[in-house]
Amino acid sequence: MFRQDRTNPSTAVSNWKGRRDTKRGHTQTAVSNWLNGGLFGPGEYVLGSTGGYWGGGTGMVGSLDRLRFEVDVIDTITVGAMSTYLYAVGLSDDGTACYLAMDYFSSPTADNIFKMTYANDVSAVITETITTKRYSTTGLGDEDRGLWIGGYNGDLTPGRRNETGVFVYATESESEGTDIGTAKTSSIGVSGDSFGYVVGGYTDSGESATCDKMTYTGGRSAGQSVPTAASGGTGCSNRDTAGYVFTPNIGGSPYDDVWKLTYATETFSTLSDVTPGGYNGHASGRGTGVNDGGDFGWLGGLNRSNIPNPSKIAFASDTFSVVSWSHSNGSMYNCAAFANGWTA
């Protein structure tokens with residue numbers, strides 16, 4: 001008898017949660033839909049399938065990188081104006097659409113919110129606009145709401161911001177949530193089921209060693225300490241038990257450790273020297289990662305000239321491997337990341 005739980009325990013039906021996991025029960029990745037691609041190669045992408053996206057960022061104009069989770073293949077696609085954003089943040093409702101905003105504050109589209117629908121990979125501007133224009137912002141979210149946190153606007157005083165914008169997907173509306181403890185930019189965000197965490201960042205006094213815990217309705221609880229003051233980098237989450245944070249440089253020095261944040265105890269541990277290949281070079285800018293809904297995460301969105309190929313995490317074993325693909329643009333850092341399946 002076929003035992004799905006033994007073959008892939010983390011995807012057992014008993015562990016599914018609400019509509020976020022519905023696609024696992026009737027997905028385009030079923031064996032009956034593999035045809036030529038699923039068994040012998042990547043084949044063609046089926047619109048609406050689960051996947052991760054990176055877009056915007058330094059030098060990234062006119063396209064998105066789309067990762068097909070099941071086959072670990074990346075495509076470059078054109079979706080419209082949203083992919084020209086610089087320092088952008090992407091939020092995903094986990095199955096229907098993503099919302100991308102937070103362009104450079106002097107840009108003519110700085111207060112626009114773009115919506116990309118997964119069913120057709122097409123984007124359009126929505127009616128709602130950003131309350132406070134800013135960039136280098138951190139994103140968190142679940143399947144109902146997303147948060148835009150912190151950032152910078154040189155036209156305001158102070159320029160570095162501590163606002164939290166709460167964006168409700170069902171109504172496509174933004175409101176103000178609770179401010180984070182300290183105004184900062186270039187933090188790394190990881191999103192669990194019930195809470196998200198804003199790790200590190202750059203403050204007016206330098207790199208931060210604090211972590212803000214946020215609810216998705218925009219509330220904040222006391223922050224935790226991180227192993228070392230840091231800013232910039234990339235993160236992803238297995239959503240249920242832990243988040244993973246990689247900061248490729250600390251205080252301007254190369255760094256190749258990954259921090260694991262265990263949600264149950266809200267403590268950090270260091271997975272030493274587990275990011276193979278490429279991470280010895282100084283990687284400036286803020287990247288971000290995606291995950292496939294609980295099994296694997298990808299630490300992408302970093303400077304390809306220093307980090308040629310992203311690392312892939314197997315959450316069950318905390319082991320890392322280097323993927324065979326690289327981003328289409330060498331200066332992908334400062335980009336947005338989001339996923340049809342889950343965003344981390």
Side-chain angles (χ1 to χ4, degrees), residues 5 8-25 27 50-53 69 89-99 118 138-149 164-170 177-178 180 187-200 211-224 226 234-246 258-269 271 288-299 313-318 337-344:
D5 59 311
N8 199 351
S10 65
T11 60
V13 175
S14 59
N15 291 326
W16 293 6
K17 295 186 177 181
R19 67 181 174 86
R20 75 173 195 192
D21 286 319
T22 302
K23 60 178 70 65
R24 297 188 183 186
T27 173
T50 58
Y53 297 77
F69 288 141
V89 174
L91 304 174
S92 175
D93 67 5
D94 190 27
T96 302
C98 75
Y99 298 86
Y118 294 128
T138 302
L140 302 172
D142 64 3
E143 61 187 23
D144 298 313
R145 298 174 181 84
L147 307 179
W148 286 300
I149 300 171
T164 295
V166 182
F167 186 78
V168 179
Y169 303 134
T178 304
I180 56 175
S187 300
I188 303 100
V190 290
S191 299
D193 259 344
S194 303
F195 301 95
Y197 297 84
V198 184
V199 181
C211 171
D212 292 273
K213 177 182 178 181
M214 307 294 295
T215 68
Y216 298 123
T217 55
R220 175 187 177 270
S221 66
Q224 293 76 37
V226 300
T234 183
C236 59
S237 170
N238 67 12
R239 30 181 220 193
D240 296 322
T241 61
Y244 298 77
V245 175
F246 169 60
V258 169
W259 300 336
K260 180 178 181 180
L261 170 59
T262 302
Y263 297 142
T265 58
E266 294 186 346
T267 56
F268 286 89
S269 57
L271 308 177
T288 193
V290 299
N291 84 42
D292 65 359
D295 298 320
F296 297 98
W298 287 260
L299 298 174
I313 309 172
F315 293 131
S317 57
D318 284 349
F338 43 92
N340 178 16
W342 184 255
T343 187

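Residue indices begin at 1 and follow the sequence shown. These numbers were taken from a predicted model, which means no experiment stands behind them.
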Spatial distance of atom CG (Asp295) from atom CD1 (Ile313) [nearest 0.5 Å]: 12.5 Å
Pairing residues for Thr262 by the side-chain hydrogen bond (donor to acceptor under 3.5 Å, both in side chains) criterion, not counting sequence neighbours: none
Heavy-atom donor-acceptor pair, Thr234 side chain to Phe246 backbone, under 3.5 Å: no
Gly141 versus Ser191, closest heavy-atom pair with distance: N-OG, 3.2 Å
Between CG on residue Leu147 and CE on residue Met214, distance to nearest 0.5 Å: 6.0 Å
Between CG on residue Asp144 and CG on residue Asp94, distance to nearest 0.5 Å: 9.5 Å
Exam field: side chain Ser92 to backbone Asn340, donor-acceptor pair closer than 3.5 Å: no
Reference residue Lys260; test side-chain contact (heavy atoms from CB on, under 4.5 Å); the match among Asn238, Asp318, Val245: Asp318
Contacts of type ring pair (Phe, Tyr, Trp, His ring centres under 6.0 Å), residue Tyr53, not counting sequence neighbours: Tyr118, Phe338
Val290 and Phe69, any side-chain heavy atoms less than 4.5 Å apart: yes
Nearest non-hydrogen partners of Trp298 and Cys236, listed with the distance: N-SG, 4.3 Å
Exercise: identify the closest heavy-atom pair between Val258 and Leu299: CG2-CD1, 4.4 Å
Residue list, ring pair (Phe, Tyr, Trp, His ring centres under 6.0 Å) with Tyr263, at least two apart or on another chain: Tyr197
Qualifying residues under side-chain contact (heavy atoms from CB on, under 4.5 Å), relative to Ala314, sequence neighbours excluded: Phe296, Ser317, Thr319
Residues in side-chain hydrogen bond (donor to acceptor under 3.5 Å, both in side chains) contact with Thr267, at least two apart in sequence or another chain: Thr265
Residues which pass ring pair (Phe, Tyr, Trp, His ring centres under 6.0 Å) with Phe195, listed by chain and number, not counting sequence neighbours: none
Listed partners of Thr178 passing side-chain contact (heavy atoms from CB on, under 4.5 Å), at least two apart: Arg220
Nearest non-hydrogen partners of Ser187 and Val198, listed with the distance: CB-CG1, 3.4 Å
Value rounded to 0.5 Å, distance of OH in Tyr169 from CZ in Arg145: 10.0 Å
For Ser194, side-chain contact (heavy atoms from CB on, under 4.5 Å) partners two or more places apart: none
Residue pair Leu140, Tyr216: steps toward the side-chain contact (heavy atoms from CB on, under 4.5 Å) verdict: CA-CA 8 Å; Leu140 302 172; Tyr216 298 123; 4.1 Å; yes
Test side-chain hydrogen bond (donor to acceptor under 3.5 Å, both in side chains) applied to Trp148 - qualifying residues, sequence neighbours left out: none
Rounded distance [0.5 Å steps], OG1 in Thr138 versus CD1 in Ile188: 7.5 Å
Candidate pair Thr164 and Ile180, rule side-chain contact (heavy atoms from CB on, under 4.5 Å), full reasoning: CA-CA 7 Å; Thr164 295; Ile180 56 175; 4.1 Å; yes
